[in-house]
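Contents: one structure, followed by commentary.
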There are 2 protein chains.
Amino acid sequence: MDIKQYVIEHGRQVNLAAGQHLFRQGEMEDALYFVKQGLFKAYYLCQDGKELVKSFIAEGDVITNLSAVFEREPCTFSLLALEPAALVKVDFDSLYQHTLDDLELSRFMLASLIKLAQKKERREYEFLCLDATTRYQQLMQHQPDLLHRITQNDIARYLGITPVALSRIKHGRKA
Amino acid sequence: MDIKQYVIEHGRQVNLAAGQHLFRQGEMEDALYFVKQGLFKAYYLCQDGKELVKSFIAEGDVITNLSAVFEREPCTFSLLALEPAALVKVDFDSLYQHTLDDLELSRFMLASLIKLAQKKERREYEFLCLDATTRYQQLMQHQPDLLHRITQNDIARYLGITPVALSRIKHGRKA
DNA sequence: CGAGGTAATTAACCTAGGTTAAAACGCTGA
DNA sequence: TCAGCGTTTTAACCTAGGTTAATTACCTCG
């Protein structure tokens, strides 16, 4: 079955206002979402209360909390709508079961997972090998569009630095 | 077809001595490897000549350079045998084509990719939210076995710090 | 056994980025 | 218009980790 067909048959529309959570760290979650409209930030809340941004998710992206739905554990991060959003919600287990029996669905999942793995590998590379200034430049190059929809605070926490440090970097004040 | 069967039919044995490379950053590569024996480090060589360790790969693991084989680009990292190693080499394109037409192979690929994605997400979390000391403790907890097979230099470069810093952390000398 | 090589430790000093707090700069809404 | 609130900037100071280099601890090989 085509993934679009599957989503039409099994999906449920979900709408969120900006500022609302799709799910929260610690909660149980069993769904996978297709983003039709809007912008999300996925973020971790650390023990010391700090918030770090795992990723931004926009139209066309698929989002789920892998370890949560797959291992049936509490969500490892929260997902917050930064803009009014429209999504389609699909039960993960059910989709996964169908995937195991349907070559066309399976191809879709494979492609999505490879894309995800590549994205995470690039991020791993950036944290491992680049300093904050270079990471910021890369972000500007590769996602210039994103920067206009996101607050500088969130960009900083995505880069793994503080808003203060990002402001310094932007204004070339390092000494 | 069962993945084991596929490997038996299409795989080619490869043996490496400790210190030999399976492939090098910048080279072209089109294979996927199943590690039967041995230990590898995957590492990046940065522009400034520094070496950072992406991951360690041991018996039972599957290793490939995703972006290289999938996007037909030069390898993004090098793979070096730290111990004498035995692997089975499989052509990626061919396996991928079979995967697209065979549910059983497809299930294997899905499972591998999900495992990979989870591993990379955990690493992303660690870089984003934890300091070097905590990352080291986590590593000791989750892979105590690895530590005995790997040099402290490599552990440091895997944690994203210098060997000097790791030595300081181990001996509680922070001031 | 001793020479040479790598890995680990230590010390002194340096820098990127964190912390805190205070201003400046928008907004939006009454 | 202006009050109120979040975002960004700036400044002063602090700390984790980097850098360099010297010292020590292991190995392996002749």
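Below, chains carry the letters A, B, ... as their sequence lines are ordered, and counting in each starts from 1.
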Under the salt bridge (Lys or Arg N to Asp or Glu O under 4.0 Å) test, residues paired with B/D93 that sit two or more places apart: B/R72
Whole-Å gap separating P (C/dG17) and CG (A/L130): 11 Å
Output every pair passing ring-ring contact (aromatic ring centres under 6.0 Å, His included) with a member in residues 12-33 of chain A, not counting sequence neighbours, ordered by first then second residue. A/H21-A/Y43, A/F23-A/F77
Whole Å only: how far is the OH atom of B/Y136 from the P atom of D/dA16? 18 Å
Using the C1' atoms of five pairs at each end, what's the angle between the two axes of the helix from C/dC1-D/dG30 to C/dA30-D/dT1, to 10 degrees? 40°
Determine, using the 4.5 Å side-chain heavy-atom cutoff (strictly less than), whether B/L113 and A/I3 are members of one ILVMFWY cluster. yes
Please enumerate all residues that pass salt bridge (Lys or Arg N to Asp or Glu O under 4.0 Å) together with A/E59, with sequence neighbours excluded. A/R149
Does the pair B/D61/B/K36 count as a salt bridge with the N-to-O cut at 4.0 Å? no
Separation of atom NE2 in B/H171 from atom P in D/dA16, rounded to whole Å: 18 Å
Can you pull out every side chain to side chain donor-acceptor pair (under 3.5 Å) where at least one residue sits in residues 49-58 of chain B? Sequence neighbours excluded, please. A/E121-B/K54, A/E124-B/K54, B/K41-B/E51, B/D48-B/K50
Tell me, please, which residues at least two apart from B/T134 pass side chain to side chain donor-acceptor pair (under 3.5 Å). B/D131
Just the atom pairs and distances: protein N or O near nucleotides 18-27 of chain C's N or O, under 3.5 Å.
residue : atom : partner : partner atom : Å
C/dG18  : OP2  : A/T162  : N            : 3.1
C/dG18  : OP2  : A/T162  : OG1          : 3.1
C/dG18  : N7   : A/R168  : NH2          : 2.5
C/dG18  : O6   : A/R168  : NH1          : 2.8
C/dG18  : O6   : A/R168  : NH2          : 3.4
C/dT19  : OP1  : A/K50   : NZ           : 3.4

Please identify each residue that fulfils side-chain contact (heavy atoms from CB on, under 4.5 Å) with A/K119, with sequence neighbours left out. A/R122
Within residues 145-156 of chain B, find the residues that approach DNA chain C with a heavy atom at under 4.0 Å, and present them sorted by residue number. B/T151, B/Q152, B/N153
Interatomic distance, B/K170 NZ vs C/dT10 P [rounded to whole Å]: 10 Å
ILVMFWY cluster membership beyond B/L103 - transitive side-chain contacts under 4.5 angstrom: A/L103
Atom CG of B/L82 and atom C1' of C/dA7 are separated, to the nearest Å, by 14 Å
Kindly state each residue pair satisfying ring-ring contact (aromatic ring centres under 6.0 Å, His included) with at least one member in residues 125-149 of chain B, sequence neighbours excluded. A/Y44-B/Y125
According to the ring-ring contact (aromatic ring centres under 6.0 Å, His included) rule, which pairs have a member within residues 82-108 of chain A, sequence neighbours left out? A/Y6-A/H98, A/H10-A/H98, A/F70-A/Y96, A/F92-A/Y96
How many whole angstroms separate atom CD1 of A/I169 from atom P of D/dT9? 12 Å
